[in-house]
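These notes are about the structure you will find just below.
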2 protein chains.
Amino acid sequence: MNAPTVYDVAGQAGVSIATVSRVYRAPDSVRAGTREKVLEAARELGYVPSGNARGLASRNTRVLGLCFPDYADPDAEDPDSDYGDDAELMLYSDEIIRGMERAARRHGYALLIAASLAEGPRNLVADVAGRVDGFAVLARTVPTEELEVISRRLPVVMLAGPREDAALDHLDHVEVANFDGELALTRHLIADHGHTRLAFAGSAEDSPDGEARFRGFQAAHLEAGLPVPERPDVRTGLTQAEGERAVAELLDREGETPHAVAFANDQMAVGALSELRRRGVRVPEDLAVVGFDGIPLGRLVTPALTTVRQPMRRLGEEAVELLVARLGDRGREPASKVLPVSVVRRSSCGCPARDDSVDGSGPLGDGPVDGEASVTQS
Amino acid sequence: MNAPTVYDVAGQAGVSIATVSRVYRAPDSVRAGTREKVLEAARELGYVPSGNARGLASRNTRVLGLCFPDYADPDAEDPDSDYGDDAELMLYSDEIIRGMERAARRHGYALLIAASLAEGPRNLVADVAGRVDGFAVLARTVPTEELEVISRRLPVVMLAGPREDAALDHLDHVEVANFDGELALTRHLIADHGHTRLAFAGSAEDSPDGEARFRGFQAAHLEAGLPVPERPDVRTGLTQAEGERAVAELLDREGETPHAVAFANDQMAVGALSELRRRGVRVPEDLAVVGFDGIPLGRLVTPALTTVRQPMRRLGEEAVELLVARLGDRGREPASKVLPVSVVRRSSCGCPARDDSVDGSGPLGDGPVDGEASVTQS
DNA sequence: CGCTGGGTTGAAAGCGCATTCATCGTACGC
DNA sequence: GCGTACGATGAATGCGCTTTCAACCCAGCG
């Protein structure tokens, strides 16, 4: 009653288990007649090769992994929430998953995914690590120390995190041009809209992405001859709720209020939009708002959010390429890819609103071309 | 230079491999002092337990799988396409993946995903099947015959496909209330908007979902005392491009043109919207259009698409529950869950347009509550 | 007609871990 | 103080498959 094994098939077909194995691993090395006998027996018995056994014997799994934090906004989990529908909008990690799955499949690998809650990642990662030939990790999903140990044994590529940690600089990295993207975005705010009093709503200091974006923000000031801010004007979490909080704090603060706010990501910016609306602050007239990420939700809100679009799917694809390359040559130099981003000008920064409706060419007026400027890391 | 194994750790810690194993599988059965020694050695060596070996020895993988077709609209793959951005919108399978991942994690499983192209699914499924303890399959992703063989050896749940195939009726199923959803939707068209000349744009006959929806369409006619259509007025593929084709065929056909068209899914309906716009046909004045699925894109188009929303994430969650349940009791009766759907009234059917902009409560006016009616399979 | 070599197939040795079963102490009970 | 039972640990076996290495078969050649 147990699942049939090579032995069963071999017995049934009147051959040795080696031959059964060959039928699956190297069909051409088995005579056609024999092969048919084996295949027939396998079909009859309902034989499915054990991935575990195969993996054990051949010392590889043909599976790639992805560990990502469970980013879901808790709000979005609540079906009664106003944000209910946002959950349907594709988030960061979904895109990466898609990209990795495609690329992995192309290379003959399957994809194992595991989101990690704040709680017990220790177990999670080791678990994943033990099952795959290599895997990608979204930055800060896994404690450095643990990654260090694991990466000694199998290829790991870090996603969306700069090579900051010395202990991890032997890892391959894929990231987007955070610095240049925010630089271009801020430059747009300054040069095209004439803003001089800008604020930056950042995330925790240990968010490499956020920090890089802030540096781009600084650089734009430097470039324009404006006083360079030393640090983000406010720091909060990366959710919509936190974005509301951030903008509230900014506005309630005494002193001059800014004329434009750059948020560390789109979710925060979207949250801020709600809060601003609630307060009667007009966007972009009273305050310009920009985000970063290019989540679909950004186009649905009013005003539509100006942002920087990241090629998230490509992030996943590149991760797989790096993994495969390293699997092929363990000794190669650590690689680091920086993917180009593009500024998406919509109305929240003061750019003219564009028609988001059906037109002659497609259902969406917001084509990928106009209003964008591609930017590559220098 | 090979990855360290239990033997290495055991040697380093001065214990037997059995003890090392116990430290990981049943920590409490090892004295605290010993445990620490082992853990220390493991850390030092960079030991990561081999999932393959563990799986082989314990006869289970703690991994659940998901096989789905690669639904992506080929158009969406073309970065120059007008649909470029649609790719960012969450598609059917992404939601299922999310749902399954969550539920699987809750039960201590990882998730292995594999999309299958039209080409070599044979290999794919066997590959997945050999690596997991059980898996879910989107209907029609895998040939019946193959599924039949595999499902004899491990739990398989069929997603979004009715239990039509006798060879597969021992499988657990999860589906949505296609019939009742389309019934409610069509009823809305007839009763609330007074339509009497409706058309149905269906998909291939072997699409169980599409057929069930059509039967709901028929039922609404029957209920209203209208002549019951024998078959869909047109059948095409499920993509946007095919939707354009379908509506074109419908309009070019001689005889009376319908006043409302129900499409088998949202993607087709969205495509139709483009074609109608191109032809100068006003929606909903000249022709009402409704879809099915509730994809986010449906809300972005103009006019916003009236549709039936499926709880796709729950589909994934329920699949895992069923899998886990069967893993716990192989002998249980085949279960079949039907998830409720809800009609989402937007403007493409003639319902008043609703404000999709920021309001006091959230960035989206299209809350999950108003304009919907929940429907459960009878 | 014996020999050689290529093409097939079989025997056997692991792969790294879980899991009995046996062993060894040792705390306890009488 | 001795037997007992229980807790902790080790030895050994096997999970199902891949992979040499060797054996074998037969065609072709000298």
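All values reported here derive from a predicted model rather than from experimental measurement. Here is how names work: the chains are called A, B, and so on, in the same order as the sequence lines, proteins then strands, and each is numbered from 1.
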So do the side chains of B/V338 and B/V176 get within less than 4.5 Å of each other, counting heavy atoms only?
no
Closest to the B/A53 side chain, choosing from D/dG16, C/dG10, C/dC17:
C/dC17
Select one nucleotide: of C/dA11, C/dC15, D/dC15, the one nearest the side-chain heavy atoms of B/R59.
D/dC15
Answer yes or no: is there an ion pair linking B/R313 with B/E317, defined by an N-O contact shorter than 4.0 Å?
no
Testing D/dG10, C/dA11, C/dT19 for proximity to the side chain of B/S58, the answer is C/dT19
Among the candidates D/dC17, D/dA8, C/dT9, find the nucleotide nearest to the side-chain atoms of A/S50.
D/dC17
Could you check which of D/dG16, C/dA18, C/dG10 has an atom nearest any side-chain atom of B/I17?
C/dA18
Between A/S50 and B/R131, do the side chains contain an N or O donor and an N or O acceptor separated by less than 3.5 Å?
no
Which nucleotide in the list D/dA12, C/dG16, C/dC21 gets nearest to the side chain of B/R22?
C/dC21
Within the 4.0 Å heavy-atom criterion, would you say A/S21 contacts the bases, only the backbone, or no part of the nucleic acid?
base
Winner on side-chain proximity to A/R31, out of D/dG14, C/dT9, D/dT9, is C/dT9
Look at the side chain of B/P49 and decide which nucleotide, out of C/dC17, D/dG10, C/dT9, has an atom nearest to it.
C/dC17
Please state how far atom CZ in B/R62 lies from atom P in C/dA18, giving the value in whole angstrom units.
13 Å
